[in-house]
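Okay, here's the structure, questions in a sec.
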Amino acid sequence: MLVCMGFGYLLLSYYNALLDDDIVMLRSVREQGIIGATIGQYESWNTRWMSFLFLHSWMYFWNEDSSPLLYHLFTLTTLLCSFRRLARGLSAKGLINPAGKAEIRFYAALMTAALLAATYHIGDTWFWVNTSTMYGWNLTAIVCTLSLVLLPLKNSLLQDIFISHAGLYVGGAAEPAVACLLILLPSLLFFKKELSPSCRRDITHFLIGMMVSFGIALVGEGHGRRAAALPDLPFITYLWKSAYFSAKIAWYHSPLRVLMVLVLLLPLFSKLKNEPDLRPLQTALLALSAWIGVILIHTFFITWIMGDYGPERAWSFISLWTVLVAGWWWYKSGTRLMERAGHLPSWAACLVIAWVLFVQLRVLPAYHDYVKSVRNKEQHFDPEKIPDSGLLHRMNSI
């Protein structure tokens with residue numbers, strides 16, 4: 001499974017190109033520089049200033065024909081390293097039981113694969129460059145923070161700097177994640193009295209960084225302009241739409257993704273010797289409630305802002321939450337359920353991944369050739385003749 005998913009990621013990275021808004025933002029960097037382009041976005045339309053600062057820093061070295069392959073490899077490497085440190089932290093706390101460094105790396109790859117499998121739109125979240133710095137990299141910052149909380153750096157000053165910077169990034173990159181974390185983290189501090197002082201300190205620093213960055217985003221002129229262009233729903237309509245969209249995400253968009261995540265995370269907990277949970281039904285209901293609760297918070301926030309549940313890339317925090325809740329459930333419930341099922345779920349997951357990879361191999365070359373020919377003015381752009389883009393973002397302008 002991991003080989004297929006790794007090859008699939010490399011395939012998408014290789015055939016990806018700068019498209020649509022990527023080109024607009026690249027041109028603004030050429031005209032105004034990194035800081036000028038970021039301020040321009042902040043004052044005109046989009047105030048996710050940290051994600052744009054990161055995005056424009058990459059675009060400074062690109063032109064319109066540049067391949068973002070190196071950027072995608074850097075993204076994957078950073079995510080893998082963050083999960084590797086997280087796996088080390090989980091091992092130090094006795095939550096997983098790896099045999100050695102090689103198995104730690106294997107677990108990191110499994111968690112990375114689980115997050116990608118849980119992603120609702122892989123192309124827009126991880127491969128459309130301008131949105132990946134908002135909705136993909138905010139997850140990387142959160143995973144990195146979790147890893148530092150579980151396995152702190154020896155230098156407390158560096159620990160504080162990294163965690164505060166991660167908070168700054170999340171607060172200035174993805175509002176739906178902020179809405180969820182502003183409820184989850186204070187609740188954790190309030191209800192978990194047994195948290196260590198160092199853990200409380202880390203969470204507080206992350207929260208401060210996130211709120212400062214989010215505050216900067218909220219006061220930006222671009223935020224007001226964007227909000228004015230979005231619909232203003234009656235309260236009853238807002239509640240009805242929020243409930244409907246939450247149910248649609250949970251029961252229509254998520255089931256296959258949740259199953260894939262459970263299969264991919266099983267090896268992390270299969271060697272644990274902890275006593276099996278004597279209340280499996282209560283544990284399952286608690287996990288389900290926590291998962292649905294975040295979907296409700298997330299969807300209510302987006303619907304309140306947009307009048308809709310937004311594009312699939314905007315649901316990225318739900319993907320990470322799915323991985324976290326699934327891991328907690330495996331840890332608490334043991335592996336009895338999957339042991340009874342044997343290897344059938346794993347083989348089924350392999351077939352799904354292999355089929356997706358086959359489809360990408362079939363459609364991506366033609367799509368890439370079409371994008372290249374339009375750029376080179378060898379043919380006119382025709383929205384009705386765009387080939388299947390597979391998992392990548394679909395070209396919609398020139």
Side-chain angles (χ1 to χ4, degrees), residues 9 11-32 34 36-72 74-75 119-138 173-176 222 225-226 229-230 302 306 308-316 360 363-398:
Y9 186 95
L11 191 72
L12 291 167
S13 300
Y14 175 77
Y15 281 112
N16 196 27
L18 301 177
L19 294 172
D20 304 334
D21 289 356
D22 294 341
I23 303 298
V24 174
M25 293 170 189
L26 189 147
R27 290 171 181 169
S28 70
V29 172
R30 283 281 170 267
E31 295 171 2
Q32 306 173 60
I34 295 172
T38 303
I39 293 174
Q41 279 290 336
Y42 181 81
E43 293 179 342
S44 62
W45 183 251
N46 196 325
T47 60
R48 295 169 189 149
W49 63 282
M50 281 295 288
S51 66
F52 279 116
L53 188 61
F54 182 52
L55 169 71
H56 294 153
S57 297
W58 278 91
M59 288 188 164
Y60 181 80
F61 300 99
W62 289 341
N63 57 52
E64 295 184 17
D65 295 320
S66 294
S67 167
L69 175 62
L70 182 60
Y71 166 79
H72 295 315
F74 178 72
T75 299
T119 302
Y120 291 92
H121 195 304
I122 289 176
D124 280 7
T125 305
W126 298 104
F127 292 95
W128 193 20
V129 178
N130 77 92
T131 56
S132 71
T133 60
M134 304 172 195
Y135 299 111
W137 268 89
N138 90 92
E175 297 95 332
R225 292 183 179 181
R226 191 182 183 95
L230 295 170
I302 295 183
M306 300 187 63
D308 201 334
Y309 64 162
E312 292 172 318
R313 60 179 176 267
W315 313 342
S316 66
Q360 304 314 299
V363 303
L364 288 179
Y367 175 71
H368 183 265
D369 290 344
Y370 177 84
V371 171
K372 188 175 179 180
S373 65
V374 169
R375 276 194 179 166
N376 294 337
K377 304 187 184 304
E378 296 171 3
Q379 63 174 304
H380 294 291
F381 174 73
D382 185 348
E384 296 182 358
K385 295 183 179 180
I386 302 175
D388 186 354
S389 62
L391 293 177
L392 289 177
H393 171 75
R394 183 178 175 84
M395 185 183 194
N396 55 45
S397 64
I398 56 173

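Please read these numbers as outputs of a predicted model, since none were measured by experiment.
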- Could you tell me how the ring of Trp58 sits relative to the ring of Phe74: parallel (under 30°), tilted (30 to 60°) or perpendicular (over 60°)?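 Aromatic pair Trp58/Phe74 classed tilted.
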- Message: Less than 4.5 Å apart, side chain to side chain, heavy atoms only: is that true for Met59 and Arg30?
- Response: no
- Separation of Phe61 CZ from Leu26 CG (nearest 0.5 Å): 12.5 Å
- Between Gly310 and Trp315, what is the shortest heavy-atom contact and its length?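 Scanning both residues completely, I find the closest heavy atoms to be O-NE1, 3.6 Å.
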- Compare all side-chain heavy atoms of Phe52 with those of Asn46 and state whether any distance is below 4.5 angstrom. yes
- Message: Side chains of Asn63 and Ser66: any donor to acceptor distance under 3.5 Å?
- Response: yes
- Roughly how far, to the nearest 0.5 Å, is CD1 of Ile23 from CG of Asp65? 8.0 Å
- Message: Just to verify, what does Pro365 make a side chain to side chain contact (heavy atoms under 4.5 Å, CB included) with, not counting sequence neighbours?
- Response: Tyr15
- Message: Is any side-chain heavy atom of His368 closer than 4.5 Å to one of Tyr14?
- Response: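 No, side chains not in contact.
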- Message: Looking at Thr131 and Asp124, would you say the former's side chain and the latter's main chain have a donor-acceptor pair under 3.5 Å?
- Response: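 Such a contact is found between Thr131 side chain and Asp124 backbone.
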- Task: Evaluate side chain to side chain contact (heavy atoms under 4.5 Å, CB included) for Trp62 paired with Val29, printing each intermediate quantity in order.
- Result: CA-CA 10 Å; Trp62 289 341; Val29 172; over 6 Å; no
- Message: Within this structure, what is the CD-NE2 distance for the pair Gln41 and His56, rounded to the nearest 0.5 Å?
- Response: 5.5 Å
- Message: Tell me the closest heavy-atom pair linking Tyr71 and Thr133, and the distance in Å.
- Response: OH-CG2, 3.4 Å
- Give a yes or no on whether the backbone of Leu392 and the side-chain of Ser389 come within a donor-acceptor separation of less than 3.5 Å.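 Yes: the side chain of Ser389 pairs with the backbone of Leu392.
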- So, do Leu69 and Asn16 sit near enough that their side-chain heavy atoms are less than 4.5 Å apart? no
- Item | Flag for Thr75-Trp137: side-chain donor and acceptor within less than 3.5 Å |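 Checked: Trp137/Thr75 side chains pair up, N/O donor to acceptor below 3.5 Å.
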- Note on the structure: d(Met134 CE, Thr125 OG1) to nearest 0.5 Å is 11.5 Å
- Arg313: which of Trp128, Trp126, Tyr120 passes side-chain contact (heavy atoms from CB on, under 4.5 Å):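 So, applying the side-chain contact (heavy atoms from CB on, under 4.5 Å) to Arg313 and each of Trp128, Trp126, Tyr120, only Trp128 qualifies.
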- Task: Can you see which heavy atom on Asp388 is nearest to which on Gly390, and at what distance?
- Result: OD1-N, 2.9 Å
- Message: Does Glu175 form a salt bridge (charged side-chain N to carboxylate O under 4.0 Å, His left out) with Arg48? I'd like the steps, not just the answer.
- Response: CA-CA 8 Å; Glu175 297 95 332; Arg48 295 169 189 149; 2.8 Å; yes
- Separation of Asp22 CG from Asp20 CG (nearest 0.5 Å):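 Answer rounded to 0.5 Å: 7.5 Å.
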- Is a salt bridge present between Arg27 and Glu64, judged by a nitrogen-to-oxygen distance below 4.0 Å?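 Salt bridge flag = yes for Glu64 with Arg27.
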- Message: Tell me if the centroids of the rings in His393 and Phe127 come within less than 6.0 Å of each other.
- Response: no
- What heavy-atom pair brings Val371 and Met395 nearest, and what distance separates the two atoms?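 Nearest heavy atoms, Val371 then Met395: CG2-SD, 3.9 Å.
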- Indicate the atoms forming the closest heavy-atom contact of Leu391 with Gln360, along with that distance. N-OE1, 2.9 Å
- Pro383 versus Phe381, closest heavy-atom pair with distance: CG-CE2, 3.6 Å
